[in-house]
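So the structure is just underneath, and the comments pick up after that.
Model, not experiment: these values are computed from the prediction.
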Amino acid sequence: MITAGIDAGAATTKVLLLRDREILGYRIGGTAFDFLTAARTMFDELLASCDTGREEVGKVYATGYGRNSISFADTSISEITAHTRGVSFLFPEVQGIIDVGGQDSKVIVVEEGRVADFLMNDKCAAGTGKFLEYTAKALEVPITDLGGLALASSHPADITSMCTVFAESEVISLRARGVTKEDIAAGLITSVAQRVVVMAKRMGLKERIAFVGGVAKNAGMKAALEKELGVTLYVPFEPQITGALGAAIAARGNV
């Protein structure tokens, strides 16, 4: 039986098809202003690319910020539950999850594949991809280049403000003083990593930690988190799909 998971995130939408324990395919794209249209478009494209008819899909489960907008889904589950199920499917031994997305960051404690506790930052851009996106613009570099620049730094700049607006001003000031882009990028990433690590330590995460979400694609962020935590993080082959995967797994259990 084929099931589908849809993770309707604030910044990106992820759609995945699962047959038993096999991922048939997935799509990742921008959400824009319409959760439903983004999800439906990507779902239809995914079905076509997998040569699968809608009638072959048993259940569709939605998760993410816009999950209640996905009217063609059978039901929805929380992001915390979805990511835990998806990560545990890929890494059964994991005991904790760090999920840094575009609009929020989450730390989840996992026990035997289930949520034991969690902490979420969704009230402030600090510690999220949005902070990096805004400050990268101030640095005048693509967000995709920020991690590589940070890894090339030998003296990370000291970013004192975690307010996005003030941090942008701080970046401009550092540039005016002749600080290199590499050192500023490293400072920005370190500041976000330290914010996330405070959450992780508060939840007692010590080992077997997975790193997921769009920011997990940033090699500089991964390195910064590993340095601050003193562990090697588990990162999925595609760190943005764990929510959609978890939703599809949940749907499979209720077919």
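Aromatic ring orientation, Phe72 versus Phe43: parallel (interplanar angle below 30°, classes split at 30° and 60°).
A continuous path of ILVMFWY side-chain contacts below 4.5 Å connects Ile249 to Val94, so both sit in one hydrophobic cluster. Hydrophobic clustering (ILVMFWY, side-chain heavy atoms < 4.5 Å, transitive): Leu151 and Val141 are in distinct clusters. Under the 4.5 Å side-chain contact rule for hydrophobic residues, Phe89 and Ile97 share a cluster. Criterion: ILVMFWY side-chain heavy atoms under 4.5 Å apart, direct or through other members. Under it, Phe237 and Leu16 are part of a common hydrophobic cluster. Val198 and Leu188 fall into different hydrophobic clusters, where Ile, Leu, Val, Met, Phe, Trp and Tyr side chains are chained together by heavy-atom contacts under 4.5 Å.
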For this session: Please lay out, stage by stage, how Leu47 and Val57 fare under the test side chain to side chain contact (heavy atoms under 4.5 Å, CB included).
Result: CA-CA 9 Å; Leu47 288 173; Val57 180; 3.8 Å; yes

For this session: Decide yes or no on side chain to side chain contact (heavy atoms under 4.5 Å, CB included) for Asp7 and His83, but give the supporting numbers first.
Result: CA-CA 10 Å; Asp7 181 358; His83 284 293; 4.1 Å; yes

Problem set entry | Evaluation steps, side chain to side chain contact (heavy atoms under 4.5 Å, CB included), between Thr84 and Thr81 | CA-CA 5 Å; Thr84 300; Thr81 298; 5.8 Å; no

For this session: Would you check, one step at a time, whether the test side chain to side chain contact (heavy atoms under 4.5 Å, CB included) holds for Ile159 with Thr135?
Result: CA-CA 11 Å; Ile159 306 295; Thr135 50; over 6 Å; no

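The backbone N or O of Leu36 sits nowhere less than 3.5 Å from a side-chain atom of Ser69 that would complete a donor-acceptor pair. In this structure, Glu170 contributes its side chain and Thr160 its backbone to a donor-acceptor pair below 3.5 Å. Without hydrogens or angle criteria, Thr31 side chain to Thr13 main chain gives a donor-acceptor distance under 3.5 Å. Side chain of Lys106 to main chain of Asp104: no donor-acceptor pair is present (N/O by atom type, distance under 3.5 Å, no hydrogens or angles).
Across Asn218 and Gly147, no two heavy atoms sit closer than the pair OD1-CA, 3.1 Å. Between Ala251 and Ala4, the shortest heavy-atom contact is CB-O, 4.2 Å. Scanning all heavy atoms of the two residues, the minimum distance from Ala39 to Ile6 falls at CB-CG2, 3.9 Å. Nearest heavy-atom pair, Glu168 versus Ala138, reported as atom, atom and distance to 0.1 Å: O-CB, 4.0 Å. Residues Glu226 and Leu233 share a closest heavy-atom pair of OE2-N, 2.9 Å. When all heavy atoms of Lys217 and Pro239 are compared, the pair lying nearest together is CG-CG, 3.7 Å.
Rounding to the nearest 0.5 angstrom, the gap separating the CG atom in Leu205 from the CD1 atom in Ile98 is 6.0 Å. Taken to the nearest 0.5 Å, the CD1 atom of Ile108 stands 7.5 Å off from the CE atom of Met120. Rounding to the nearest 0.5 angstrom, the gap separating the OG atom in Ser105 from the CZ atom in Phe131 is 12.0 Å. Atom CG in Asp74 sits 10.5 Å away from atom OG1 in Thr3 (nearest 0.5 Å). Between the CG atom of Leu17 and the CG atom of Leu245 there is a distance of 11.5 Å, given to the nearest 0.5 Å. Separation of atoms OG1 (Thr41) and CG (Leu46) is listed at 12.5 Å; rounding is to 0.5 Å.
Between Arg177 and Ser173, some side-chain heavy-atom pair lies under the 4.5 Å cut-off. A heavy-atom distance below 4.5 Å is found between the side chains of Glu238 and Ile28. Residues Arg252 and Met1 have side chains not in contact (no heavy-atom distance under 4.5 Å, counting atoms from C-beta outward). Side-chain contact check for Glu182 versus Ser154: every heavy-atom pair is 4.5 Å or farther apart. The shortest side-chain heavy-atom distance between Ser76 and Asn68 falls under the 4.5 Å cut-off.
Within a 6.0 Å sphere centred on CZ of Arg54, other residues, nucleotides and ligands contribute more than 12 heavy atoms. The environment of OH in Tyr65 is sparse: at most 12 heavy-atom neighbours from other residues, nucleotides or ligands sit within 6.0 Å. Counting non-hydrogen atoms of other residues, nucleotides and ligands closer than 6.0 Å to OH of Tyr234 gives a total above 12. Atom CD of Glu56 is surrounded by more than 12 heavy atoms from other residues, nucleotides or ligands within 6.0 Å.
The side-chain contact (heavy atoms from CB on, under 4.5 Å) test with Glu22 singles out one residue from Leu24, Asp20, Leu18, and that residue is Leu24. Remark: of the listed residues Thr190, Val196, Val192, Val192 is the sole one forming a side-chain contact (heavy atoms from CB on, under 4.5 Å) with Met221.
Counted by atom type alone, Asp183 and Ser153 present one or more donor-acceptor pairs between their side chains at under 3.5 Å. Checked by atom type, the side-chain pair Arg27/Ser49 shows a donor-acceptor distance below 3.5 Å. For the residue pair Lys206/Gln95, the side-chain donor-acceptor check at 3.5 Å is not satisfied.
Glu140 and Arg175 are joined by a salt bridge, as a carboxylate oxygen and a charged side-chain nitrogen come within less than 4.0 angstrom of each other. For the pair Lys130 and Glu133, the salt-bridge criterion is met [side-chain N within less than 4.0 Å of a carboxylate O].
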